[in-house]
Each structure stands twice: as structure tokens, then as C-alpha cells.
Amino acid sequence: MSQTRETWPETWHRPPMIANPVLRYGLAAAVLVYALWAVTSLPFDWQRAAEGLARAQRIFAGSIPPSFERSGLLIDGFLESIKIAILATVGGVLLSIPIAFMAAKNLAPKPIYLLGRAIIIVARSFHPVIVAILFVKAVGFGPLAGVLTLIVYSVGFVAKMLAERIEEIDWGQVEAMRSVGAGYLSTLFYAVFPQIMPRQIGLSIYQLDSNLRASAVVGIVGAGGIGSTLANAFGRYDYDFALAITMVIVGAILVSEGISGQIRKRIW
Amino acid sequence: MLKISNLVKRYGHGEPVLKGLDLEVPGNSVVAIIGASGAGKSTLLRCINRLVEPTSGTIALNDIVLSDLKGRELRAARRRIGMIFQSFNLVDRLTVMENVQSGRLGYLPFWRAASRRYPKRDIRRAYELMERVGIAHYANKRADELSGGERQRVGVVRALMQEPEILLADEPTASLDPKTSEQIMELLRSLSAEFALPVLINIHNVAEARLYTDRIVGMRYGKIMFDAEPSRLDKAAMDEIYAGLPAEERGEEETPAPSLQVSAA
Amino acid sequence: MVELDAHPQDWARYTPGQRLFRFLVFLASVAAVVWAVMSIDVIWPWVLDAPEQMGDLFGRMVPPDFSNLSDILWVLLETVNIATIATAVAVFAALPVAYIAAQNTTPNIATLWLGRFILVSSRSVNTIIWALLFVAIFGPGIIAGIVAIMFRSIGFIGKLLGEAIEEIDRRPVEALEATGASRLKVILYAIVPQVMPTFWAVSILRWDINLRESTVLGLVGAGGIGIVLQSAIDTFNWPEAATVLLAILALVILGEIVSATLRKRII
Ligand SMILES: Nc1ncnc2c1ncn2[C@@H]1O[C@H](COP(=O)(O)OP(=O)(O)OP(=O)(O)O)[C@@H](O)[C@H]1O
Ligand SMILES: [Mg+2]
């Protein structure tokens with residue numbers, strides 16, 4: 001077989017991911033230049049950051065042990081967060097249903113579809129904190145702004161997932177309903193809703209969990225709940241109270257994650 | 001020369017899987033280990049390179065006692081033992097060359113391994129061996145693009161790259177079609193002669209074992225029941241190794257009408 | 001054939017126990033909603049007023065004022081840099097954490113729990129809360145922002161990467177251990193190639209998320225476009241705020257497109 005042995009090279013290089021060398025080195029150079037530029041162009045305030053160590057020490061010293069002295073405030077804030085999360089979930093999920101139908105390619109006419117998609121994209125693109133400051137400006141500080149914010153946040157996720165589910169429903173059932181002369185609404189109720197219901201329940205539980213997390217955050221810009229309590233504690237340099245609040249938030253998130261996981265497992 | 005004496009292996013607190021095993025493999029012979037499923041063949045091979053920790057007993061390879069080495073010394077000893085696996089155990093997403101060179105990892109400084117700057121000598125050797133088994137033109141292909149037979153050849157070359165003093169093969173042909181499986185057995189046999197290597201092969205196919213090896217070791221319940229050249233493996237010996245197993249599962253292809261007499265173990 | 005009489009005469013979708021459970025869950029949900037509505041600290045007439053207020057706010061934003069657009073875009077670029085740098089650093093910091101948090105690679109039980117502790121604490125504290133802390137430490141500015149995003153990302157990346165490590169094929173690892181390769185080289189040759197696809201996918205996904213998060217850091221003083229938004233809002237300069245919002249929208253959509261293309265290219 002190998003009378004005249006082929007001569008194999010004495011060096012070996014891994015075949016590069018990008019075959020074209022110009023593109024490869026060009027890309028590498030571009031990444032390098034970008035990295036350098038990004039690091040050097042940012043207005044770092046090293047002086048100030050350097051003092052951070054001492055400040056960090058002060059903060060940690062001030063935060064230990066965590067103080068549960070004003071646990072009344074803590075509990076109020078926490079309950080408010082739960083209320084915000086519940087109402088926003090209900091509102092968001094209900095609002096998601098019509099929007100999802102608008103944004104389902106197979107059910108909605110083109111202009112409605114585009115409108116539905118646009119609503120979802122806008123709702124998804126803005127971080128809840130941004131939505132929250134706008135609502136705070138519009139309706140004032142407090143839980144109302146929080147609920148409205150998280151409704152928008154819920155729509156961004158729930159409507160998107162729901163629309164995807166609607167797009168993949170089984171058309172046989174819809175046509176069966178239509179063939180017996182059912183109207184639009186009864187088709188919706190008997191052929192479409194049963195198919196999307198399980199997904200909708202799962203999404204609602206997931207969203208309740210997300211809303212609880214998010215409600216801690218939007219509070220920081222004044223939209224009520226435990227986030228507001230935390231921001232106030234930070235603002236008044238009550239680091240021991242802030243640590244207590246953070247611990248409660250972390251605990252609540254872990255518990256809620258566990259519960260929502262369990263329920264979702266049970267329901268299916 | 002491989003010398004195993006009084007080897008015992010017990011997983012957890014159960015019955016020992018190997019019950020005081022003695023085995024000597026001198027020089028460069030090809031030895032087949034046969035036995036029913038669960039007899040302890042894999043456990044025996046894995047005790048030799050210490051992928052499995054022996055419970056007691058000693059294993060020595062060329063007068064170096066392997067069974068109580070640790071850390072760096074164990075790794076140095078493992079370099080001298082090549083292993084070939086039933087499911088090839090290649091790194092799918094790496095190229096054939098990288099898989100082959102990973103046999104040299106024990107010898108290579110870290111930076112060379114990380115930057116894939118393999119020494120010229122290793123590259124030359126890799127191409128020689130790959131050419132020898134017929135896969136040199138695949139050097140730059142990813143391992144998961146090859147067929148089963150080709151992948152096992154990569155596995156063989158990886159083991160040979162270690163410059164081993166012994167080759168352990170755990171059912172190297174079990175996932176291959178009959179034709180490819182014969183090619184691999186033939187390859188192992190000729191490599192053994194070429195490199196003066198002792199080769200231990202776990203195998204279920206007794207017909208292949210007879211054909212391609214110099215010596216057959218039969219195991220049953222952690223003990224060696226038979227140890228002789230293939231021609232001496234007669235029906236009585238087979239019955240003793242595979243007692244209680246229906247003939248179709250013995251791996252022998254052309255068995256005469258089975259006698260249903262069960263010899264007590 | 002199936003015994004036909006074996007089937008029950010009355011067909012019910014759920015057993016009575018299941019029905020009861022479902023009913024109780026439903027009841028509890030309704031009770032929770034009622035409780036929330038009754039006790040939340042909201043002045044209800046204001047709720048009716050809200051649409052008008054929103055409309056009013058929106059009215060003040062139109063038409064957007066583009067006169068500061070170049071400044072806004074510049075800060076937007078800075079925001080991208082914050083997200084990119086933080087993601088890049090976090091990706092590397094997450095590697096050892098993932099390694100010790102994966103059951104099959106962690107050196108011992110103590111390191112396993114250390115790894116899990118790092119992941120959980122990083123993941124349960126939101127970026128904004130991390131930012132609040134780091135603004136207190138480093139003072140307002142982008143350093144606090146970058147560090148905050150990093151801290152949150154380590155948990156996210158580390159968790160997904162750790163799960164990928166736990167799911168790798170053990171067999172090549174064993175094969176390389178059998179060649180006498182050291183631990184580090186086994187990681188490099190048998191583990192790294194297997195988790196590479198997940199590594200890229202998770203990094204890109206997190207970069208996309210971080211892009212969004214970095215747009216709000218400024219609202220707690222941690223740098224980026226949020227600062228511009230905050231000052232526009234504080235000075236009631238709504239037309240400019242509208243421009244900033246549009247810029248953020250464009251950035252996020254662009255980021256999504258970029259990450260989708262990258263994902264397709266690399267994996
Ligand atoms: N890691 C392990 N932990 C516990 N028991 C094991 C382990 N590996 C093997 N065993 C047990 O040891 C016995 C021998 O197994 P071994 O794999 O050595 O058999 P084998 O002869 O190679 O079988 P096969 O022909 O099926 O490969 C079996 O009963 C098996 O269940
Ligand atoms: Mg075996």
C-alpha cells in the first residue's frame with residue numbers, strides 16, 4: 001500500500017475557524033482594537049474607586065450584624081411587593097391574551113399582527129426600571145407605578161410565549177369547529193383556548209415568580225414594595241438594615257423559585 | 001512483562017468482583033480474555049492502569065509495582081500503558097490529530113499542549129502511525145466525522161503515541177461490524193509483533209479470539225478458569241467458562257448442537 | 001385486544017382528588033388576588049386617572065428632540081462598552097466557579113458548596129441591587145456599573161456552564177486520564193472542547209441581557225445612558241427623554257439581532 005510513502009509535513013496547525021486569513025486576522029485585529037479602545041475610552045475614575053476599599057470596609061462593618069429592629073417596615077415592604085407581583089401577574093396575563101392573539105401570525109390580519117409584535121417588542125426591550133421611572137413620573141410614587149410597570153413587563157414575556165404557542169396550535173380542531181358552523185368566539189373558546197390553557201397556567205406561575213423578583217428592583221426607583229424600603233435604607237446609610245432586607249429578598253426569591261418549580265411540576 | 005498476583009477487587013461492600021487473581025503475561029504475546037458478562041474482565045484491565053483501584057494484591061509491569069503508585073508516579077506509569085476502548089472514547093469536537101496527540105499529553109509541557117504546538121518528532125510519529133493504520137489523510141478532520149472503524153483506528157494510534165510497554169483493549173471491536181472488527185484485530189496482532197508489545201484484549205467473540213490471539217484466558221466470577229493457547233479451548237473448557245449460559249450467548253459462531261448439561265461451577 | 005368492560009362507565013378527566021386539589025389552588029389564587037386588591041396602598045381614583053396621566057406624559061414627549069443626538073449616541077456606545085467589558089470579565093471569572101460547582105469536576109465537597117454559594121448569592125441579587133452596593137463602595141461612575149453587571153453575570157454564566165460540565169461525556173475524560181495526562185491537561189483536552197458550544201451560547205445570551213441591564217445602571221448612578229435619561233427626566237426635558245428612549249429601543253433591538261447572528265455563526 002505504501003511503497004512510495006507519502007511525505008507528511010513536520011508541523012501541524014489546527015485548521016482555523018475562519019478559513020480566509022484576511023478575514024481572520026482582520027477580525028482579530030478589530031477585536032483587539034475595540035477592546036483597547038473600550039477600556040481606555042471609558043471615563044474611569046480610578047482615584048475614587050481606589051478609596052473604595054476603605055469604604056467597602058466601612059460598609060461591611062456597618063452592615064454586620066444585620067438589623068431586624070425595624071422588621072415592621074420590612075414586613076410591610078415585603079407584603080407590598082407580593083401584592084404588586086400578584087396584581088401585575090393577573091393584569092399582565094389577562095392583557096397578554098388579546099395581545100398574543102394580535103401577534104399570532106396564523107390568526108391575525110397583517111396590520112394587527114405587526115401592531116401586536118410591536119407592542120411585544122417595546123414591552124420586552126425596556127428594562128422594568130426604565131418603565132418604572134416613567135410610571136412614577138406619570139402616576140406618582142408608590143405601588144400603583146409598580147403594578148403598572150410589572151404589567152408591561154409581564155406582557156413582554158407572556159404575550160410573546162403565548163403568541164408562539166398559538167401559532168403552533170392544531171388547526172384540525174379549529175376547522176372542525178368551523179365546519180359545524182361555530183362562530184368566531186365559540187371557536188376561540190372550544191378549539192383554541194383548551195389548547196393554550198396549560199401553557200398559559202405554566203407561564204402565569206413563572207411570571208408570578210419573575211414579577212416578585214422584579215418588584216424588588218423597580219422599588220428602587222420609587223415604585224413601591226421592598227425595593228423602596230431597600231433604597232431608603234441605603235440612602236440613609238442604614239447598612240445593617242439594608243443587609244437584613246437583602247437577606248430577606250434572597251430568601252424569598254429562593255423560596256419562590258422552589259415553590260413555583262414544585263407547582264409547575266404538579267400541575268402537569 | 002506483566003505480573004499480577006493475588007488481585008482482589010471489591011466494589012463497595014459487596015462480593016469481590018475479582019477473587020485473588022494471578023496472571024503473568026511475558027514478552028509480546030496477544031492475550032484474549034473471555035468470559036460471560038459480569039465476569040470481571042473490564043475490572044481486571046482497569047485495575048492494571050488503576051482507572052479502578054484494586055482492593056488488594058500486586059500488579060507489576062516490567063518490575064515496577066503499579067498497584068501502590070500515587071500522583072505524579074502513577075501518571076508516569078500510566079504513560080507506559082496504552083488503552084483502547086469499546087466506544088473509542090475520542091474527544092468528538094477535536095481533530096483527529098489532536099486526538100492522536102492527546103496520547104502524548106503525559107510527556108508534553110502544558111504550554112505546548114494548550115497552544116497545540118506539538119514537537120516535530122511527535123508529529124512525524126503521528127503521521128507514521130496514522131499512515132500505518134490508514135487514516136493519515138484524516139488528520140484535520142473532526143473525530144465525530146469518522147466512521148466507527150476509523151475512530152477505533154484513531155483510538156489505537158492515540159494509545160501507540162504513548163510509546164506504551166503494554167496495550168490494554170477493552171472490547172475494542174464490540175461496536176464494529178464483523179469486517180471492520182476483523183481488520184482491527186488483525187491490526188492489533190500485527191502491531192504487537194511490530195512494536196514487541198504485549199496486548200491484552202477483552203473480547204466476547206470467541207471465534208475472533210481463537211483466530212487472532214496466542215493465548216486465551218477464560219474468566220468466570222472473578223477467577224481464571226482457563227489459561228492456554230487457543231487450540232486447547234475445547235468444549236469442556238467453554239462449558240466451564242460459560243456454564244449456565246445458553247450457547248447463542250457464548251459468542252462462538254459455529255457451535256455444534258448444544259449439550260444442555262450444566263456443569264457445576 | 002383490549003377488554004372493553006374494563007373501562008369505567010363515567011368518564012371524568014380528573015380523579016376527585018385531583019379536582020379537589022385544583023379547586024383549592026383556584027380558591028387560594030382568588031383569595032390572594034382579593035387580598036391584594038383590598039389591602040394594597042393605592043388611591044383608586046388615581047388608577048382611573050392613570051391613562052390620562054400616561055397620555056399626558058406621552059404628549060409631552062412628542063415630538064422627540066434630536067438636538068443632542070450625537071451626545072446621546074456617544075453615551076450609548078459607552079453603555080455598550082460597559083456591557084461588553086463586564087461580560088468579558090465575568091465569562092472568565094465564571095470558569096473556575098463553574099468548575100468547582102459541577103459535581104463531577106469539583107475537587108471536594110467543601111469546594112462544591114463554595115461554588116454553589118457563590119452562584120446562588122450572585123444570582124439572587126439583582127444587578128441594580130449590586131449596583132446600589134458598588135456605587136456606595138466605588139462612588140458613582142462606570143466602575144460600579146461594570147462590577148455590578150459582572151457580579152450578577154458570574155452566577156448566571158457559572159450556573160449554566162456548571163450544568164454543561166455535569167452533562168459531559170465522561171468517557172474521553174477517562175481515556176485521557178489513562179494516558180497519564182495531568183488534571184489540567186485533561187480539562188484542556190477532554191472537558192473544554194465539550195463545553196465550548198455552551199460557553200459561547202451562554203456568553204452571547206448574557207451579553208444580550210447585559211446590554212439591557214446596562215441601560216438602567218445610570219438610574220442608580222452607575223454610569224451609562226441611564227444617567228442621561230435621569231437628568232432629562234429630572235429637568236422635565238421630555239422631548240429629549242423620548243430621544244433617549246428611542247435610542248435605547250434601537251440599541252436593544254440591534255443587540256438582539258447581533259446576538260442572534262453570532263449564535264448562528266458560532267454554533
Ligand atoms: N463502578 C462499579 N461499581 C460497582 N460495581 C461495579 C462497577 N463496575 C463493575 N461493577 C460490577 O462488577 C462486576 C464485573 O464487572 P465488569 O465490568 O468487570 O464485567 P465484564 O466482565 O467486563 O462484563 P462485560 O462483558 O459485560 O463488559 C459486575 O457485576 C458489575 O456489576
Ligand atoms: Mg466489560
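Proteins come first, then strands; the chains are lettered A, B, ... in the order of their sequence lines, and each starts at number 1.
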Non-hydrogen atoms of chain C under 4.5 Å away: do they reach the side chain of [X], the backbone, both or neither?
{"X": "B:R158", "answer": "side chain"}
{"X": "B:F85", "answer": "side chain"}
{"X": "B:L51", "answer": "side chain"}
{"X": "B:R46", "answer": "side chain"}

> Looking at B:R79, B:R104, B:R80, which one forms a side chain to side chain donor-acceptor pair (under 3.5 Å) with B:E163?
Replying inline: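 When side chain to side chain donor-acceptor pair (under 3.5 Å) is applied between B:E163 and each of B:R79, B:R104, B:R80, only B:R104 qualifies.
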>> Taking the basic N atoms (NZ, or NE/NH1/NH2) and the acidic carboxylate oxygens, is any pair closer than 4.0 Å for B:E128 and B:R132?
In response: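 The answer is no: the pair does not qualify as a salt bridge.
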>> Whether C:E177 and B:R50 form a salt bridge (side-chain N of Lys/Arg under 4.0 Å from carboxylate O of Asp/Glu) is what I want to check.
In response: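 Judged by the 4.0 Å cut-off on N to carboxylate O distance, B:R50 and C:E177 do not form a salt bridge.
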>> I need the minimum non-hydrogen distance between B:L45 and B:M83, along with the two atoms involved.
In response: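 Closest approach of B:L45 to B:M83: CB-CE, 4.3 Å.
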> For the residue pair C:F92 and C:A88, what are the closest heavy atoms and their distance?
Replying inline: CD1-O, 3.2 Å
> Of the backbone (N, CA, C, O) and the side chain (C-beta and beyond), which part of C:L184 lies under 4.5 Å from a heavy atom of chain B, both, or neither?
Replying inline: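 Interface part for C:L184: both.
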> Quick check: does any side chain N or O of B:R112 sit under 3.5 Å from a backbone N or O of B:R117, one acting as donor and the other as acceptor?
Replying inline: yes
>> Quick check for you: among B:A113, B:G103, B:G71, which has the greatest number of heavy-atom pairs under 4.5 Å with chain C?
In response: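 Winner by heavy-atom pair count: B:A113.
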>> Let's test your reading of the structure: which of C:V192, C:V186, C:L188 forms the most heavy-atom pairs below 4.5 Å with chain B?
In response: C:L188
